[in-house]
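Heads up: the structure comes next, in structure tokens.
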Protein chains: 2
Amino acid sequence: MSISDRQLEERKMRQDRILSGALEVFKSKGLEKATMDEIASESGFGKATLYYYFHSKEEVFAAILENGWETLWTSLEPVISGNEGPRQTFVNVLLKIAENAKNRPGLFEFLFNAPKLMQFESQPWKKYQHRMYGTIQGLLEDGIREGEFPKLDSQLLFKAMGGLFMGLVLMGDRKEPVSARDVEELINQLITDPTKAE
Amino acid sequence: MSISDRQLEERKMRQDRILSGALEVFKSKGLEKATMDEIASESGFGKATLYYYFHSKEEVFAAILENGWETLWTSLEPVISGNEGPRQTFVNVLLKIAENAKNRPGLFEFLFNAPKLMQFESQPWKKYQHRMYGTIQGLLEDGIREGEFPKLDSQLLFKAMGGLFMGLVLMGDRKEPVSARDVEELINQLITDPTKAE
DNA sequence: TTAAATTTCGACTGATCGTTCGAATAGTTT
DNA sequence: AAACTATTCGAACGATCAGTCGAAATTTAA
């Protein structure tokens, strides 16, 4: 007989345990300064055992990103295929991302910032990243076309709104995370909505 | 006799040459992956010579940040002490930063992003950073009080506007940097100005 | 129970790289 | 020119650490 379901499941649990130990270390040290020894002791395995589950430190790192992006994207899909207007859908997407960020503190700083300086061979998480960015860009374009956003270059608007959101969710002290209410209020008060001009 | 002015000046020029070589390397490799050998060959000195001018790799890095922040802050001072309203002054500050970023491409990504994961002993550039953030926060508070921005929590507005600006200036392809015109137009069209509500 | 497969791990290795050494060269002063 | 100072640098050192090895422990299958 081959390998049992339970075995596969347990193996996956061990991988996840390694991954979450690794995330802690990466968060505090960054990719380069994090050592496999530290990841090992943080996750409760011997160093060599890590190499039984992953080929390299980079692979561990990549697995964290891949997992994170996939989870994020999956949670976003229903929001995106909802049938509200572009502007509201856009806000809903932000709210959902903020919710994710709240549930897994620290991970999202990674998802968005980590891959800057990194030329691994394959970056499978980029698939999700591009999908997400594409979707958001599309929402903004639709919103502009329908007059729910000011008539601006959509690339520019994308950068601005992307940055704004990063600033809200990922900046400053982690102690007081930004609430969903804050995000929604802020966008609606701050960002001109031509359809609501009095 | 002691050391001549010219000698001091030449020494400073050599330090600057090292710093700008180092910036190139740090930009493409990051702090950890950048090697002193590469910085040496990039700046045209032998490796040991670097240590004649700086005590360590970290000191080189810190000198880049310190220089950059000081230059930035100095260029900001006249803008800040101008006597336009808070909102316009805020826009002017952003424009000035964008101008700086354009003149020294790549440096500003550093100034704002690099010090995240870094616990050096002394971080003298933080002085400028705090001054700048404090000033901007003050402008936003004044702007809110005078009704030039929506009535929002100023911390939140600060994060949002900070992020927005980072997104504009530091995100995406470096090839097509955001122009001053873009920044100004975007802020004025995008960010609600209650005094101009029709 | 015994054989086979899976999982674990401490000790070792090899490469990388920050930093130091000591000596050579260039420049300045007397 | 001689004495002194400032500058340069390749070679060597030593610490760190990713990744490997081979054997032990544990689990599963027969």
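First the proteins, then the strands, lettered A, B, ... as listed; each starts at 1.
A close approach under 4.0 Å does not occur between any side-chain nitrogen or oxygen of B:Arg11 and OP1 or OP2 of D:dA6. Checking the phosphate oxygens (OP1, OP2) of C:dT28, a side-chain nitrogen or oxygen of B:Arg6 falls inside 4.0 Å. OP1 and OP2 of D:dC17 both lie 4.0 Å or more from every side-chain N or O belonging to A:Thr35. Under 4.0 angstrom from either OP1 or OP2 of C:dT19 there lies at least one side-chain N or O belonging to B:Tyr51. Distances shown here put a side-chain N or O of A:Thr49 below 4.0 Å from the OP1 or OP2 atom of C:dC9.
In this structure, CG on B:Leu95 lies 9.5 Å from OG on B:Ser179, to the nearest 0.5 angstrom. Annotation: the span from A:Phe45 atom CZ to A:Arg14 atom CZ amounts to 6.5 Å, rounded to 0.5 Å. Note that the CZ atom of A:Arg87 and the CD1 atom of A:Ile187 stand 7.5 Å from one another [nearest 0.5 Å].
Taking for each of B:Met36 and A:Phe45 the nucleotide of DNA chain C with the nearest heavy atom, the 5'-most of the two is the partner of A:Phe45. Both A:Asp37 and A:Ala48 lie close to DNA chain D; mapped to their nearest nucleotides by heavy-atom distance, the more 5′-ward contact belongs to A:Asp37. Taking for each of A:Tyr53 and A:Lys47 the nucleotide of DNA chain C with the nearest heavy atom, the 5'-most of the two is the partner of A:Tyr53.
Rounded to whole angstrom, the span from the CD1 atom of B:Ile39 across to the P atom of C:dT19 amounts to 10 Å. Atom C1' of nucleotide D:dA18 and atom CG of A:Leu50 are separated by 11 Å, given to the nearest angstrom. The distance between atom CZ of B:Phe54 and atom C1' of C:dT20, rounded to the nearest whole Å, is 18 Å. When rounded to the nearest whole Å, the span between NZ of A:Lys33 and P of D:dA15 equals 17 Å. Here D:dA18 presents its C1' atom at 11 Å from CD of A:Glu32, a figure rounded to the nearest Å. Whole-Å rounding puts the B:Arg17 CZ to D:dT7 P distance at 15 Å. Rounded to a whole Å, the CD atom of A:Gln7 is 13 Å from the P atom of C:dA5. Distance CG (B:Leu8) to P (C:dT28): 13 Å, rounded to an integer number of Å.
Considering every non-hydrogen atom in both B:Ala101 and B:Phe108, the closest pair reads CA-CD1, 3.5 Å.
Here B:Glu99 pairs with B:Lys96 in a salt bridge; the nearest charged N to carboxylate O distance falls below 4.0 Å.
The listed nucleotides are D:dA6, C:dT28, C:dT6; the one nearest the side chain of B:Tyr52 is D:dA6.
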